[in-house]
Amino acid sequence: MRQPLRWPWLDFDVDDVLSPAIAVGVDVTETRAEVPEHWHRKGQLVFALGGGVTCRVPSGLWMVPPHCGVWIPGGMQHSNVATANARIFFVYIEPGAADLPDRCCTLSISPLLRELIIELSDCAPDDARCEFLGKVVLAELPLMPVQQLHLPLSAEPRLRRIAEALADDPANRSTLAQWADRVALSESSLARLVVKETGLSFGRWRQQLHLIVALRELSAGASVQQVSGDLGYESVTAFITMFKKALGKPPARYLSDISQNGGSAFVA
């Protein structure tokens, strides 16, 4: 089933379908496409075959680079934003149908599971073939490794303000002291608050946002030079050094390995 990237769909509600697993394929042609904040009874895997998708949930920002997926448990509020020319799949799973985490997480997607999801999206939920494919998907999905690529968010209003500002302008290089002044805290108090709410230092937290934005834009076809400039790095070399230190490989090699190996290029 191919549907426009919008929610709710006019004539199709996934929660009305009782199949243990169904898949919907979406091809994005616009400059950017978005599913606004919503929730559903079923759990959802957001899987990108091409391009990138960013998922926002109350506790964090999750990036779906090519050949990886984000698992969103049923009942969790979330929104999805896809890059131009993305090819994505939504896999909807009945509660309790598979042994999957009760929290949002990024999963590697093996070549086998990738092909199963594509096939599942091409058959009707009441088709016997769909039932068989769904069972295999449900057996394979819990075996996929959990990867660490998300930005922890906080409901704390001062941190939410900073996160939204950095998401809107990731090239913003304001120092911790400057941010502290804007939210009426001392520098040390803000540093402690960031660690308490996110588990990361401020510098590591901002770097994680840069990685998410970089992967999203690189997946959409932007050059390393363009992404480096958009993120405010003084040189392409500085950006590549940051990327390699965080993810173990330079950007081109990293994305190539994801494409070839079905997501196994991630470094926890």
Side-chain angles (χ1 to χ4, degrees), residues 37 46 52-65 68 70-72 76-81 83 101 103-107 146-219 222 224 227-251 254-255 265-268:
E37 188 169 276
V46 182
V53 186
T54 302
C55 300
R56 184 187 293 271
V57 300
S59 61
L61 194 65
W62 301 80
M63 177 63 204
V64 193
C68 294
V70 167
W71 167 246
I72 304 170
M76 179 175 288
Q77 290 279 350
H78 62 280
S79 61
N80 304 315
V81 178
T83 62
R103 59 186 176 85
C104 199
C105 59
T106 303
L107 301 174
V146 175
Q147 306 293 351
Q148 303 299 321
L149 188 61
H150 80 287
L151 181 73
L153 296 180
S154 169
E156 207 285 331
R158 290 163 294 190
L159 289 192
R160 178 69 68 167
R161 175 183 166 189
I162 295 172
E164 290 174 352
L166 288 174
D168 289 339
D169 180 19
N172 187 324
R173 289 291 177 166
S174 297
T175 65
L176 180 64
Q178 289 169 325
W179 282 116
D181 185 61
R182 291 169 194 166
V183 297
L185 285 173
S186 69
E187 183 176 356
S188 58
S189 294
L190 178 57
R192 288 193 297 270
L193 183 63
V194 173
V195 172
K196 176 185 175 183
E197 294 290 327
T198 71
L200 301 173
S201 68
F202 178 77
R204 184 68 183 86
W205 186 58
R206 179 161 57 185
Q207 177 183 287
Q208 193 76 350
L209 172 66
H210 284 176
L211 289 170
I212 290 173
V213 173
L215 282 171
R216 182 187 67 198
E217 298 306 315
L218 291 167
S219 299
V224 172
V227 172
S228 172
D230 289 345
L231 293 178
Y233 283 83
E234 294 182 357
S235 68
V236 173
T237 300
F239 167 71
I240 293 176
T241 299
M242 180 280 294
F243 192 102
K244 186 175 180 180
K245 183 176 180 181
L247 295 178
K249 301 173 184 179
Y254 183 84
L255 291 173
F266 274 106
V267 176

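Every value quoted in this text rests on a predicted model; they were computed, and no experiment measured them.
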Checklist line | side chain to side chain contact (heavy atoms under 4.5 Å, CB included) partners of Arg192, counting only residues at least two apart | finding: Ser188, Ser189
Item checked: Contacts of type side chain to side chain contact (heavy atoms under 4.5 Å, CB included), residue Glu164, not counting sequence neighbours -> Arg160
Next item on the list: Kindly write out the residues that satisfy ring-ring contact (aromatic ring centres under 6.0 Å, His included) with Trp62, not counting sequence neighbours, or none if the list is empty.
Entry: His150
Next item on the list: State which residues pass side chain to side chain donor-acceptor pair (under 3.5 Å) with Ser228; sequence neighbours excluded, sorted by chain then number.
Entry: none
In residues 232-246, what donor-acceptor pairs under 3.5 Å come from side-chain atoms, sequence neighbours left out?
| from | atom 1 | to | atom 2 | distance (Å) |
| --- | --- | --- | --- | --- |
| Tyr233 | OH | His210 | ND1 | 3.2 |
| Ser235 | OG | Ala238 | N | 3.1 |
| Thr241 | OG1 | Thr237 | O | 2.8 |

Checklist line | For Ala163, side chain to side chain contact (heavy atoms under 4.5 Å, CB included) partners two or more places apart | finding: Leu153, Trp205
Check: Which residues satisfy the side chain to side chain donor-acceptor pair (under 3.5 Å) test with Asp169, sequence neighbours excluded?
Finding: none
Notebook entry, point to check: Excluding sequence neighbours, so at least two apart, what forms side chain to side chain contact (heavy atoms under 4.5 Å, CB included) with Ser201?
Noted result: Arg204
Checklist line | Test salt bridge (Lys or Arg N to Asp or Glu O under 4.0 Å) applied to Arg56 - qualifying residues, sequence neighbours left out | finding: none
Check: By ring-ring contact (aromatic ring centres under 6.0 Å, His included), which residues pair with His78, not counting sequence neighbours?
Finding: His38, His40
Notebook entry, point to check: With Glu156, which residues qualify under side chain to side chain donor-acceptor pair (under 3.5 Å), at least two apart?
Noted result: Arg158
Next item on the list: Tell me, please, which residues at least two apart from Arg103 pass side chain to side chain donor-acceptor pair (under 3.5 Å).
Entry: none
